[in-house]
Novice: 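The structure is given below, and queries will be raised subsequently.
One-based numbering, in listed order, for ligands and for the atoms of each.
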Amino acid sequence: MQFRTRAIHVGQDRDPATGAVVPPIHVASTFVQPDASMTAAYDYARTGSPTRHAFEKTLADLDGGVRALAFASGMAATHCATLLLAPGDEIVTGTDIYGGTWRLFNRLLAERGITVTAVDTSDPAAVAAAVRPKTKLVWVESPGNPLLSITDIGACAEIAHAAGALLACDATLTTPALSRPLEFGADIVMHSATKSIGGHSDLLGGALVVRDPELGGRLHWLQNATGGVMGPLEAFLCARGLKTLELRVLAQSATALRLAEWLAAHPAVTAVHYPWLVGHRGHDIARRQMAAGGTVLSFDLAGSLADARRAVESTKLFQLAVSLGAVESLIEIPAVMSHGSYAPEARRAVGIGDGLIRLSVGLEAFEDLRDDLDHALSPA
Ligand SMILES: *Cc1c(COP(=O)(O)O)cnc(C)c1O
């Protein structure tokens, strides 16, 4: 079956008790056992719950995995994956990554005995040079954030596996509708379901998806031991979001590409970062790995931080907010908003300038979004 058929039918069985075509939201925290040996399918909702499980089944199928685990947020999912490491182990990661992941790795884990080495993962040679025997996890994000750099997932999987490490890929910006990193050799896929999977800016959630049942079992043990699980209402909303995911991200990607092309010709803009633009450094790999360019793009403004502030504060449709991937368009300045947790020198060193503006393109009409930006970018 095709992706969008599976998104609607796999894991989403009708309710046998009532015939309801949508599975019910099970809110129970505990489940009656037939006897004291705890052999029922469900016992306590931190360990597993039917509504969460239904979403996990759909997502695992869409990502080409054998098991998905749903978490209270993307960061809870990422943190759980890092619990596979012990003090003395090393993570090799990218420089163009989500600000919260940067904070977790460089501020929290680094202080707890885990070595964190950040390289430009869009250059496989840099990844190969960074991995060492103590590297246990290579963590990549493609497209990167906020510069939309493209990492060759297959090449990084080979490098990680040759070093005895796992490859994890934060696939929040692509979603399984645009790219399935497990098919390119990744061991773990992470999604912030808060973004395109939920898709309507009304929930927090995250997920890990794996293709090895043994690794899935280890991660489930860690998830149950630490407890950052997704609640039933969020699981229901995420399962509903998956049903329209492909339609939404393809339509949003088409608008994002038109805006990227329009911005590239705008006199106030010095550079546009969008993988579907011919001339983007990772364009060829993006074409191989992705079905469309995605809902996020960024661009550099010729002026200073003050000019960028004036621009993002004067749009009407693009709302001034972090987050991405939902039906409503958002605008932000990474330097002071989504990536404010980078030290200023580190931030500038990786290319996140003061005049960089990030857009999340929603489902509004292209013409309306273009006019909104045109107004905001015109001289005061
Ligand atoms: C939002 C986001 C995260 C973190 O997810 P939360 O749900 O906010 O915890 C991780 N990676 C990327 C790329 C994100 O956009």
Side-chain angles (χ1 to χ4, degrees), residues 55 59 68-82 91 93-109 118 121-122 137 139-151 153 168-179 181 186 188-209 223 226-231 233-235 237-238 241 245 249 252 256 273 275 290 293-298 321-326 328-332 334 337-342 350 352 358-362:
F55 165 59
L59 182 63
L69 299 166
F71 290 83
S73 69
M75 289 319 303
T78 301
H79 181 231
C80 184
T82 66
I91 298 179
T93 188
T95 48
D96 185 25
I97 62 172
Y98 178 68
T101 308
W102 180 269
R103 178 174 55 200
L104 173 71
F105 287 0
N106 290 288
R107 307 255 300 264
L108 197 130
L109 297 182
T121 58
S122 70
L137 184 65
W139 185 279
V140 302
E141 194 176 316
S142 184
N145 193 343
L147 292 167
L148 289 301
S149 62
I150 296 293
T151 291
I153 297 166
C169 185
D170 179 339
T172 301
L173 265 67
T174 47
T175 83
L178 298 188
S179 185
I188 301 173
V189 168
M190 196 289 289
H191 297 290
S192 168
T194 312
K195 313 297 165 56
S196 295
I197 290 177
H200 296 73
S201 303
D202 54 8
L203 64 89
L204 276 178
L208 298 176
V209 191
Q223 181 192 40
T226 52
V229 298
M230 179 179 280
L233 180 62
E234 286 79 5
L237 288 169
C238 284
L245 179 71
V249 297
Q252 291 172 237
H273 312 281
M290 299 163 68
T295 62
V296 178
L297 65 100
S298 61
V322 296
S323 198
L324 53 93
E328 51 281 293
S329 293
L330 303 176
I331 190 165
E332 64 115 4
M337 296 176 68
S338 61
H339 290 68
S341 65
Y342 280 56
V350 302
I352 307 172
R358 190 184 76 182
L359 301 180
S360 172
V361 178

Novice: If you have a sec, work out which protein heavy atom is nearest atom 6 (P) of ligand 1 and how many Å separate them, to one decimal?
Specialist: Gly74 N, 3.3 Å
Novice: Applying a 4.0 Å heavy-atom criterion (strictly less than), which segment of Asn145 is in contact with ligand 1: side chain, backbone, both, or neither?
Specialist: side chain
Novice: Could you tell me whether a side-chain N or O of Gln223 sits under 3.5 Å from a main-chain N or O of Leu69, the two making a donor and an acceptor?
Specialist: no
Novice: Can you see which heavy atom on Leu203 is nearest to which on Gly198, and at what distance?
Specialist: CD2-CA, 3.9 Å
Novice: Rounded at 0.5 Å granularity, tell me how far CG in Leu359 sits from CG in Leu297.
Specialist: 4.5 Å
Novice: With heavy atoms only and a cut-off of under 4.0 Å, state how Leu324 meets ligand 1: side chain, backbone, both or neither.
Specialist: side chain
Novice: Look at atom 5 (O) of ligand 1 and say which protein heavy atom is nearest, naming residue and atom and giving the distance to 0.1 Å.
Specialist: Ser192 OG, 3.0 Å
Novice: Does ligand 1 have any atom that is closer than 4.0 Å to a heavy atom of Gly205?
Specialist: yes
Novice: Quick one: does His191's side chain get under 4.5 Å of Pro176's, heavy atoms only?
Specialist: yes
Novice: Establish, from distance only, whether the side-chain atoms of Ser192 and Thr172 form a donor-acceptor pair under 3.5 Å.
Specialist: no
Novice: Starting from atom 4 (C) of ligand 1, which protein heavy atom do you reach first, and at what distance in Å?
Specialist: Tyr98 CE2, 3.3 Å
Novice: If the cut-off is 4.0 Å to any non-hydrogen atom of Glu141, which atoms of ligand 1 fall inside it?
Specialist: 13 (C)
Novice: Could you measure the distance from the CE atom of Met190 to the CE atom of Met75? Nearest 0.5 Å is fine.
Specialist: 7.0 Å
Novice: What is the distance from atom CD1 of Ile91 to atom CZ of Phe105, rounded to the nearest 0.5 Å?
Specialist: 4.5 Å
Novice: State, without any angle test, whether Ser201 and Glu328 hold a side-chain donor-acceptor pair at a distance under 3.5 Å.
Specialist: yes
Novice: Relative to the heavy atoms of Lys195, which atoms of ligand 1 are at a distance of less than 4.0 Å?
Specialist: 1 (C), 2 (C), 3 (C), 14 (C), 15 (O)
Novice: Identify, for atom 11 (N) of ligand 1, the protein heavy atom at the shortest distance, and state residue, atom and that distance.
Specialist: Asp170 OD2, 2.6 Å
Novice: How far is atom 9 (O) of ligand 1 from its nearest protein heavy atom, and which residue and atom is that?
Specialist: Met75 N, 2.8 Å
Novice: Can you sort out which atoms of ligand 1 are near Met190, meaning under 4.0 Å from one of its heavy atoms?
Specialist: 10 (C), 11 (N)
Novice: Looking at atom 7 (O) of ligand 1, what's its closest protein heavy atom, distance included?
Specialist: Thr194 OG1, 2.6 Å
